[in-house]
Amino acid sequence: MTDTEPAPAVRETAEAIATMETRGAATIAAAAAEALAEQAAAAAEADATASDPEAFRASLRAAGRTLRETRPTAVSLPNALRYVLQRMEGETVDALRDSVVDASDAFVRQLDRAQDDLGEVGANRLADGDTVMTHCHSTDALACIEAAVEQGKSISAVVKETRPRQQGHITAEALREMGVPVTLIVDSAARRYLDEVDHVVVGADSIAADGGVINKIGTSGLAVNARERGVPIMTAAQTIKLHPETLTGHTVEIEMRDEDEVIEPGTREAIGEIAVENPAFDVTPPRYMDAIVTEHGQFPPESIVTLMRELFGEGAAEPWAEP
Ligand SMILES: O=C(COP(=O)(O)O)[C@H](O)[C@H](O)COP(=O)(O)O
């Protein structure tokens with residue numbers, strides 16, 4: 001490891017996030033924070049950094065950049081890096097390492113607590129006997145359903161498979177393990193099944209200052225259909241999903257993924273000039289979302305900016321940036 005080369009554990013985490021072996025905004029955030037702790041432990045031992053606090057700091061920033069470059073849309077990733085790197089302090093390498101490891105642990109604990117707390121808030125929107133519809137796989141959305149089940153409510157679920165990567169299958173399995181009866185449907189069947197559904201529950205990768213919800217592609221169409229059918233829809237999103245840069249007018253980058261997720265591998269030549277596009281996320285305008293459920297309570301999307309200012313009033317620093 002040179003002074004700025006990331007530790008193997010960081011490279012492995014970055015690779016797992018980029019290839020979606022590690023996926024979902026909250027899980028990505030936890031993995032990134034843990035990778036920084038691993039970097040700190042490795043850098044405190046490595047020849048180039050063990051006795052040089054500035055080289056140690058530089059190696060942590062470099063690890064942050066490697067992790068930041070993996071996927072662009074889930075703001076939980078840069079928010080995790082911000083949380084840990086802004087708490088890196090000390091005059092010696094040992095003190096710096098301890099501050100990073102402590103911040104990483106605190107971040108992961110906070111993440112778990114926030115998910116439990118928002119689960120309770122979201123569960124209160126669900127009634128005994130409700131059927132919920134889900135899209136993609138969101139641990140925050142599942143926390144709401146799980147809390148409702150733990151409150152003794154009988155909940156069943158209609159689960160959209162979520163093309164192209166079919167994260168709906170992960171959701172279906174998680175719900176089955178909770179004892180929730182599940183019906184799995186293809187995405188294009190969603191509108192038909194909305195008539196049998198009492199609530200739509202989705203997660204978020206980022207929430208913009210105007211209350212726009214950035215989540216798995218297909219969320220916005222589902223939200224418009226839910227509104228047309230009169231079915232309430234909520235986003236379960238802990239506050240690390242709030243995107244501070246949107247406070248100053250930045251838009252959220254939508255990740256475009258490889259066409260091989262859409263077409264059969266090896267068929268590119270056969271389909272010739274047909275263009276294939278594979279956006280991974282879309283934006284649901286605030287007027288189509290009934291509530292954003294966070295660990296601080298539930299908010300109409302249009303008012304989320306107040307919470308965002310409270311939590312990120314200082315703006316969006318980039319503590320991983322060089323030098
Ligand atoms: O869109 C996705 C996952 O997309 P991908 O599979 O492309 O990462 C999830 O709904 C959010 O990340 C929220 O998940 P969580 O609530 O677990 O943070």
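Just follow the structure's listing: the first ligand is 1, and inside any ligand the first atom is 1.
Close contacts of ligand 1 with C136, meaning ligand atoms under 4.0 Å from a residue heavy atom, involve 1 (O), 2 (C), 3 (C), 4 (O). Per-residue contacts place H137 under 4.0 angstrom from the following atoms of ligand 1 (heavy atoms of the residue considered): 9 (C), 10 (O), 14 (O). Atoms of ligand 1 lying under 4.0 Å from any heavy atom of M20, numbered from 1 in the order shown and given with element: 5 (P), 6 (O), 7 (O). Near Q167, the atoms of ligand 1 lying under 4.0 angstrom from a non-hydrogen atom of the residue are 5 (P), 6 (O), 7 (O). Atoms of ligand 1 found under 4.0 Å from any heavy atom of R71 (numbered from 1 in listed order, with element): 5 (P), 7 (O), 8 (O). Shown in contact with D140 at under 4.0 Å from a heavy atom are these atoms of ligand 1, numbered in order with element: 16 (O).
Of the candidates D290, D140, V200, I207, I207 is the only one forming a side-chain contact (heavy atoms from CB on, under 4.5 Å) with T235.
Q238 does not count as a contact of ligand 1, since none of its heavy atoms falls under 4.0 Å from the ligand. The closest approach between A74 and ligand 1 stays at or above 4.0 Å for every heavy atom of the residue. Within the structure, ligand 1 has N215 among the residues with a heavy atom less than 4.0 angstrom away. Heavy-atom distances between E255 and ligand 1 stay at or above 4.0 Å for every pair. The shortest heavy-atom distance from A204 to ligand 1 is under 4.0 Å.
Residue-to-ligand polar distances place A26 within reach of ligand 1: an N/O pair is separated by less than 3.5 Å. Considering backbone and side-chain atoms alike, I28 places every N or O at 3.5 Å or more from each N or O of ligand 1. Every N/O-N/O distance between Q115 and ligand 1 stays at or above 3.5 Å.
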Requested in this report: Any chance you could lay out the side-chain contact (heavy atoms from CB on, under 4.5 Å) test for S99 and R87, step after step, and finish with the verdict?
Outcome: CA-CA 7 Å; S99 69; R87 286 165 179 76; 5.9 Å; no

Query - Worked verdict on L194 versus M133 for side-chain contact (heavy atoms from CB on, under 4.5 Å) - result: CA-CA 8 Å; L194 277 169; M133 182 178 281; 4.0 Å; yes

Report task. For D205 and T73, run side-chain hydrogen bond (donor to acceptor under 3.5 Å, both in side chains): C-alpha distance rounded to whole Å, both residues' side-chain angles, the deciding distance at 0.1 Å, then the answer. Result -> CA-CA 7 Å; D205 288 84; T73 305; over 6 Å; no

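Nearest non-hydrogen protein atom to atom 16 (O) of ligand 1 is S138 OG, 2.7 Å. Looking only at heavy atoms of the protein, atom 6 (O) of ligand 1 is closest to R23 NE, 2.5 Å. What sits closest to atom 1 (O) of ligand 1 on the protein, heavy atoms only, is D205 OD1, 2.8 Å. K216 CE, 3.3 Å is the protein heavy atom nearest to atom 4 (O) of ligand 1.
Using a 4.0 Å cut-off between a side-chain N of Lys or Arg and a carboxylate O of Asp or Glu, R82 and E245 qualify as a salt bridge. Using a cutoff of 4.0 Å between basic side-chain nitrogens and carboxylate oxygens, D94 and R97 are scored as salt-bridged.
Counting only heavy atoms from C-beta outward, the side chains of F299 and T294 approach each other to under 4.5 Å. In this structure the side chain of H243 never reaches within 4.5 angstrom of the side chain of I214, judged on heavy atoms. A heavy-atom distance below 4.5 Å is not found between the side chains of H137 and T27.
Contact detail for A42 and A7: the closest heavy-atom pair is CB-CB, 3.7 Å.
A distance of 8.5 Å separates CH2 in W320 from CD in Q86, rounded to the nearest 0.5 Å.
Contacts between K241 and ligand 1, counted as non-hydrogen atom pairs separated by less than 4.0 Å, involve the side chain only. When non-hydrogen atoms are compared, ligand 1 lies under 4.0 Å from the backbone of A25 as well as from its side chain.
Counting only N and O atoms by type, the side chains of Q39 and S59 include a donor and acceptor under 3.5 Å apart.
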